[in-house]
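Remarks on the structure that follows.
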Amino acid sequence: MTHTVLKSVLVGASALALGAMALPASAAGVGACLITKTDTNPFFVKMKEGATAKAKELGIDLKSYAGKIDGDNESQVSAIESCIADGAKGILLVPSDSKAIVDSVKKARDAGILVIALDTPLEPVEAADATFATDNFKAGELIGKWANMALGDKAKAAKIAYLDLNPSQPTVDVLRDQGFMSGFGISKIENPTKIQDYGDARNVCHDVTNGNEEGGRSAMENCLQKEPMIDVVYTINEPAAAGAYEALKAVGREKDVLLVSVDGGCPGVKNVAEGVIGATSQQYPLKMAAMGIEAIKKFADTGEKPKPTEGKKFFDTGATLVTDKPASGVESIDTKKGKELCWG
């Protein structure tokens, strides 16, 4: 091969290489990550299902990660580092600790990755590029209003137990808890970022559940030891509610305690239909995750980031009260309709 021909071949090869490097992400393939709190909670199982289906439809390479338990921030930090190293275009994150994960999220964003919080806003909410979530305050408020109306005059002397999520008090935990208080008519909320009793005599116990059935049972047992005559129980989610019910049943109080929750999963809606839970606020995890994948694809193609719902700092994916005992002034659907919309 002559020197001139060799030079031409090398120049041509270099041009091809540069051309390949210059391909947009949409042509070279788009990578995305889904990072959830756990991979066992039905809510996150459905979220993964929604993200996986939409990623397949749009031709996105999706990798999924999860913490070992609710509150496992360390595993989520490692997952974000892996996503950065893989050159992911977007990350969908359900933070276990909405404060502690912020530095890792910043590293991802600094690397040019779109980070969307799902279900649980970061603190501050602006730490993510966008948030797709249930209005968690509204979800709590709906079950609070319903419980207040269901009790009638007895609401004034209620003894309420709050079965929350974990000691780090992520935003989803605080918002649902305080939403319930607001809906129930407990208006003295001095600190909107922290779970407290706020001096209202009706708030007799707060304990944590880690969002699972075993945690719900032990938290309910603790609260009953503190105040045996609890008559209203707020739970962060339906697995915790199922555990609380078992603890109440063990002491023969399952029929005289009003139990409310948030999620709207199929097992939870079934428990509403069977009278285990009085009412629950249904949310839509599959929708959240599918929309998140669509947003990553759009960002990869155009550079455009998703916008929040007008008047809010996040995109509201909806919340609906599910109960077979509707209360005046509180919009709801029955469990038949709830089963059509449920997940898990």
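Using a 4.0 Å cut-off between charged side-chain N and carboxylate O, Asp334 and Lys336 make no salt bridge. The pair Lys37-Asp72 fails the salt-bridge criterion, with no side-chain N (NZ, NE, NH1 or NH2) lying under 4.0 Å from an Asp/Glu carboxylate O. Taking a cutoff of 4.0 Å between a charged side-chain nitrogen and a carboxylate oxygen, Glu246 and Arg217 do not qualify as a salt bridge. Remark: Glu294 does not engage Lys297 in a salt bridge, criterion side-chain N to carboxylate O under 4.0 Å. We find that Lys159 and Asp231 are not joined by a salt bridge, their nearest charged nitrogen and carboxylate oxygen being 4.0 Å or further apart. Between Glu126 and Lys313, at least one side-chain nitrogen of the basic residue sits less than 4.0 Å from a carboxylate oxygen of the acidic one, meeting the salt-bridge criterion.
In Glu274, the CD atom is crowded: over 12 heavy atoms of neighbouring residues, nucleotides or ligands sit closer than 6.0 Å. With a 6.0 Å radius and a threshold of 12 heavy atoms from other residues, nucleotides or ligands, Glu214 has its CD atom at or below the threshold. A 6.0 Å sphere centred on NZ of Lys46 holds more than 12 heavy atoms belonging to other residues, nucleotides or ligands. The neighbour count for Lys63 NZ, taken as heavy atoms of other residues, nucleotides or ligands under 6.0 Å away, does not exceed 12.
Put simply, the side chain of Asn191 gets close to the backbone of Thr193: a donor and an acceptor are under 3.5 Å apart. In terms of modelled atom types and a separation under 3.5 Å, the side chain of Glu254 and the main chain of Val276 share no donor-acceptor contact. Checking side-chain atoms of Thr131 against main-chain N and O of Phe314 turns up no donor-acceptor pair under 3.5 Å. Remark: the backbone N or O of Val269 is not paired with any side-chain donor or acceptor of Thr335 at under 3.5 angstrom. In terms of modelled atom types and a separation under 3.5 Å, the side chain of Asp119 and the main chain of Ala133 share no donor-acceptor contact. For the pair Arg176 (side chain) and Lys138 (backbone), a donor-acceptor distance under 3.5 Å is absent. Glu49 places no side-chain N or O within donor-acceptor distance of the main-chain N or O of Leu286, the cut-off being under 3.5 Å. Thr209 contributes no side-chain N or O that, together with a main-chain N or O of Gly216, makes up a donor-acceptor pair within less than 3.5 Å. Between the Ser182 side chain and the Gln178 main chain, no donor and acceptor come within less than 3.5 Å of each other. Between the side chain of Asn271 and the main chain of Ile277, no donor-acceptor pair closer than 3.5 Å is present.
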Could you walk me through whether Ile35 and Val94 satisfy the side chain to side chain contact (heavy atoms under 4.5 Å, CB included) test, starting with their C-alpha distance in whole Å, then the side-chain angles of each, then the deciding distance to 0.1 Å, before giving a yes or no? CA-CA 6 Å; Ile35 306 172; Val94 188; over 6 Å; no
Would you please test Thr120 and Ser98 for side chain to side chain donor-acceptor pair (under 3.5 Å) and show each step? CA-CA 7 Å; Thr120 304; Ser98 46; over 6 Å; no
For Asp256 and Arg253: C-alpha separation, side-chain torsions, deciding distance, then whether salt bridge (Lys or Arg N to Asp or Glu O under 4.0 Å) applies. CA-CA 6 Å; Asp256 53 50; Arg253 298 212 54 222; 3.0 Å; yes
What's the verdict on side chain to side chain contact (heavy atoms under 4.5 Å, CB included) for Tyr65 and Ser82, showing C-alpha distance, side-chain angles and the deciding distance? CA-CA 10 Å; Tyr65 304 84; Ser82 296; 3.7 Å; yes
How far apart are the C-alpha atoms of Ile296 and Leu92, what are their side-chain angles, what is the distance that settles it, and do they pass the side chain to side chain contact (heavy atoms under 4.5 Å, CB included) test? CA-CA 9 Å; Ile296 291 172; Leu92 303 179; 3.8 Å; yes
Determine, stepwise, if the pair Asp39 / Lys48 fulfils salt bridge (Lys or Arg N to Asp or Glu O under 4.0 Å). CA-CA 9 Å; Asp39 57 9; Lys48 183 177 178 181; over 6 Å; no
Going through the distances and angles, do Asp110 and Lys106 end up as a salt bridge (Lys or Arg N to Asp or Glu O under 4.0 Å)? CA-CA 6 Å; Asp110 287 347; Lys106 185 179 185 302; 2.9 Å; yes
Checking side chain to side chain donor-acceptor pair (under 3.5 Å) for the pair Gln282/Asp263: CA distance, chi angles, key distance, verdict? CA-CA 5 Å; Gln282 187 170 63; Asp263 261 355; over 6 Å; no
Would you please test Phe299 and Lys305 for side chain to side chain contact (heavy atoms under 4.5 Å, CB included) and show each step? CA-CA 6 Å; Phe299 176 71; Lys305 297 180 180 181; 4.0 Å; yes
Trace of the side chain to side chain donor-acceptor pair (under 3.5 Å) decision for Asn166 with Ser168: CA-CA 6 Å; Asn166 63 49; Ser168 71; 2.6 Å; yes
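Heavy-atom minimum distance, Ala147 versus Val260: CB-CG1, 4.4 Å. Between Leu122 and Thr171, the closest heavy-atom pair is O-CG2, 4.3 Å. Across Val262 and Ala139, no two heavy atoms sit closer than the pair CG1-CB, 4.0 Å. Contact record, Phe315 with Met291: CE2-CE, 3.1 Å, taken as the closest heavy-atom pair. Minimum heavy-atom separation, Glu238 to Gly265: OE1-N, 3.1 Å. Between Thr280 and Gly264, the shortest heavy-atom contact is OG1-N, 4.0 Å.
Using a 4.5 Å cut-off on side-chain heavy atoms (C-beta onward), Asp173 and Ile236 make contact. Between Leu321 and Lys145, the closest side-chain pair of non-hydrogen atoms is not below 4.5 Å. Using a 4.5 Å cut-off on side-chain heavy atoms (C-beta onward), Thr235 and Leu259 make contact. Between Ile116 and Leu93 there is no side-chain heavy-atom pair separated by less than 4.5 Å.
Taking the six-membered ring where tryptophan is involved, the planes of Tyr234 and Phe180 are tilted, since the angle between them lies from 30° to 60°.
Grouping the Ile, Leu, Val, Met, Phe, Trp and Tyr side chains by contacts below 4.5 angstrom, directly or via other members, places Leu165 apart from Val45. Val174 and Phe184 are not part of a single hydrophobic cluster, where members link through side-chain heavy atoms under 4.5 Å apart.
Defined by atom type and a distance below 3.5 Å, a donor-acceptor pair is missing between the side-chain atoms of Tyr198 and Asn203. Side-chain contact of Thr323 with Ser332: a donor-acceptor pair under 3.5 Å is absent, judged by distance alone. For Ser104 and Glu81, the side-chain atoms include no donor-acceptor pair closer than 3.5 Å.
Considering Asp200, Ile230, Ile186 in turn, Ile186 is the only one that fulfils the side chain to side chain contact (heavy atoms under 4.5 Å, CB included) rule with Ile160.
For Tyr284 and Trp343, the ring centers are positioned 6.0 Å apart or more.
Here the straight-line distance linking atom CG of Leu118 with atom CD1 of Ile91 works out to 11.5 Å at 0.5 Å rounding.
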